[in-house]
There are 2 protein chains.
Amino acid sequence: MRSYDQYCSIARALDVVGDRWTLLIVRELLLQGPARFTDLKNGLPGIAANLLSTRLRELEQAELISRDDAPPPVATTLYRLTETGLALEPALQALGLWGLRFMTSVRPEDTFRAQWLAYAPEWFVADNAPDAPPATIQLSSADAHAVLEVGAGRVSSHTGAAPDPDLVLDGPPHAVLGLLTGVIDFEQATQLGLATRGRREVLTRLRPIGRAAGSP
Amino acid sequence: MRSYDQYCSIARALDVVGDRWTLLIVRELLLQGPARFTDLKNGLPGIAANLLSTRLRELEQAELISRDDAPPPVATTLYRLTETGLALEPALQALGLWGLRFMTSVRPEDTFRAQWLAYAPEWFVADNAPDAPPATIQLSSADAHAVLEVGAGRVSSHTGAAPDPDLVLDGPPHAVLGLLTGVIDFEQATQLGLATRGRREVLTRLRPIGRAAGSP
DNA sequence: CCGGATCCCCAGGGATACTG
DNA sequence: CAGTATCCCTGGGGATCCGG
C-alpha cells in the first residue's frame, strides 16, 4: 500500500495493516494460532490465493508474522504472529466491539466459521458472578460449534463440542451471537430461531461489555 | 468497498471503515471536532478532493457523520461525527497505540500537523502523580504548537500556545513525541534535537501507558 | 476562496488456471 | 498442499475545471 506519509501513529499503523485483507489475516492467526496457508485461506472465505500469498510476504517483511518449517510429521510451513503481530489484539478487539452494532442485519451471502463463534464471547462478554460455580455452554450455529466456559470472573471459549454442557444454545449466528453480545434480548433471539436446552439461568451471569450490568 | 461477506464483527467493521483514508477522516473529525471540507482536506495531506468528497458521502450514508449547515456568520457546511462515529475513538486509540512502535523511523517526506502533536499525549500518557499540583507543558515542533496540561490524574492537550508554561519542549516531532510516548528516553530525545526550557522534573510525573511506572 | 465535479491514468484487487 | 502466473477490471491519485 502506498504510504500516507503522515507523522501520526494511526497513519503509520495503517501504512502497515491498512491494506485489504491484512487485518483479517491477523485475526485468523490470533484465533487459530500458528496456521498453514490452507488453514488461513479457509478462514478467509473470498480471498484469492495470490493475494493471501502477497499479504503474507508483506506481513513477514513488516515482522508481524514469521514463517516456520514445521517438524517432519507435518512437514509444512506454519505462519505465526510475532510479538508485534500479537500486540494488535487490543486494536482488533476494539474494532470488533465497535462492529457489533452492524451484526443485527442478516445477509444470506455471509460466510461463517466456528472460530468467529468462539472469539466473540471471549472478547465481548464478562462474568457477572465471579463467585458462582463455573459453567459450560455449548454454542451451535450453522455447522459451527464452540464451547464457552465461564467461572472465577473469566470467560473463555474455543471451537468444538463439550461433553456435558450446562446449557446448549442452538440457532442462526445472529441469534446466538446477538444474544451473547447483547445486541438483542432473549425474546428477540428466540424469534430469530434460538433454541435452548439446559439451565437457561446461566445466561444471567453473562454480561455483554459496554452494557449496564443486569441486562438479560 | 466491496464487502468481505463474513459474519464477523471485525469484518463488518472493516466493511464500513476499511477503505483507504476513511479512518483518517474519522481521526480528523475526532481531533478537530466539526469541520469544514477544507479543514479536513488540510488535515489529510495527500488526499484527493474527489476522494474526500466520496468518502464523506459514504460516511454520511453509513451514519458515522452528519453534514450540517452552519448558521449565517459561517454559512458553510460542517461535517461532524454521530454517536456511531464517536464510538470509534477506542478503536483508533488502540490502533494508534500499536502504531507508536513505528514512529521512531524518520522520513523526510512525512507531513505533520499540530493536532497530531496534541492527541498523542492525551491518549497515550498518564499522570503519575495525581496529588501533585497541576502543570502546563508547551510543545513545539515544526511550526506546530500544542499545550499539555497534567493534573488530578488527568492529561489533556490541545493545539495552540500557553501563556506561562512550566516547561517547554521544542524539537523535531519524533524527539518531542518519542519522549512523551516513551519510545525513546530523554538522552536519545536530546540527541535528536530536543531543547527544553523550564522545570524539566515535570516530565517525571508523565507515564507513557503500556510502560512500567517509573520509566523516565 | 469554498466545495466540490470531471477526466485520465495506473496500481492494486479478484477470478481462474496452472505447477512443483 | 502450497503456492505462482495471467488477465481483467475496479478503485485510487493527480490535475484541472466549475458553480456559489
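Each chain gets a letter, A, B and so on, in the order its sequence line appears, and its residues count up from 1.
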Rounded to whole Å, please give me the gap between [atom1] in [X] and [atom2] in [N].
X: B:Met1; N: D:dT10; atom1: CE; atom2: C1'; value: 12 Å
X: A:Tyr79; N: D:dC1; atom1: OH; atom2: P; value: 15 Å
X: B:Arg67; N: C:dC2; atom1: CZ; atom2: P; value: 17 Å
X: B:Glu58; N: D:dT10; atom1: CD; atom2: C1'; value: 13 Å
X: B:Asn42; N: C:dC2; atom1: CG; atom2: C1'; value: 13 Å
X: B:Leu52; N: D:dG11; atom1: CG; atom2: C1'; value: 16 Å
X: A:Lys41; N: D:dA2; atom1: NZ; atom2: C1'; value: 11 Å
X: A:Phe37; N: C:dT19; atom1: CZ; atom2: P; value: 18 Å

Is any side-chain nitrogen or oxygen of [X] closer than 4.0 Å to OP1 or OP2 of [N]?
X: A:Thr54; N: C:dG12; value: no
X: B:Arg57; N: C:dA5; value: yes
X: A:Thr38; N: D:dC1; value: no
X: A:Thr77; N: D:dG3; value: yes
X: A:Thr76; N: D:dC1; value: no

What's the closest nucleotide to the side chain of A:Arg55 if the choices are C:dG12, D:dG3, C:dA5?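 So the side chain of A:Arg55 is nearest to C:dG12.
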
Salt bridge check: are [X] and [Y] linked by an N-O gap of less than 4.0 Å?
X: B:Asp68; Y: B:Arg80; value: yes
X: B:Glu58; Y: B:Arg55; value: yes
X: A:Asp110; Y: A:Arg107; value: yes
X: B:Arg2; Y: B:Asp19; value: no

Would you say the side-chain atoms of A:Gln6 pair up with the backbone N or O of A:Ala11, donor to acceptor, closer than 3.5 Å?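 No: the side chain of A:Gln6 does not pair with the backbone of A:Ala11.
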
Polar side chain donor-acceptor pair, B:Thr159 to B:Tyr119, under 3.5 angstrom: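 No, no side-chain donor-acceptor contact under 3.5 Å.
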
So, B:Trp116 and B:Glu28: side-chain donor and acceptor under 3.5 Å apart, yes or no?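 B:Glu28 and B:Trp116 do have a side-chain donor-acceptor pair below 3.5 Å.
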
Below 3.5 Å between N/O atoms, which protein atoms pair up with nucleotides 13-16 of chain D? Just atom names and distances, please.
from   : atom 1 : to      : atom 2 : distance (Å)
D:dG13 : OP1    : B:Arg20 : NE     : 2.4
D:dG13 : OP1    : B:Arg20 : NH2    : 3.2
D:dG13 : OP1    : B:Trp21 : NE1    : 3.3
D:dG13 : OP2    : B:Trp21 : NE1    : 3.1
D:dG13 : O3'    : A:Arg2  : NH1    : 3.1
D:dG14 : OP1    : A:Arg2  : NH1    : 2.8
D:dG14 : O6     : B:Asn50 : ND2    : 2.8

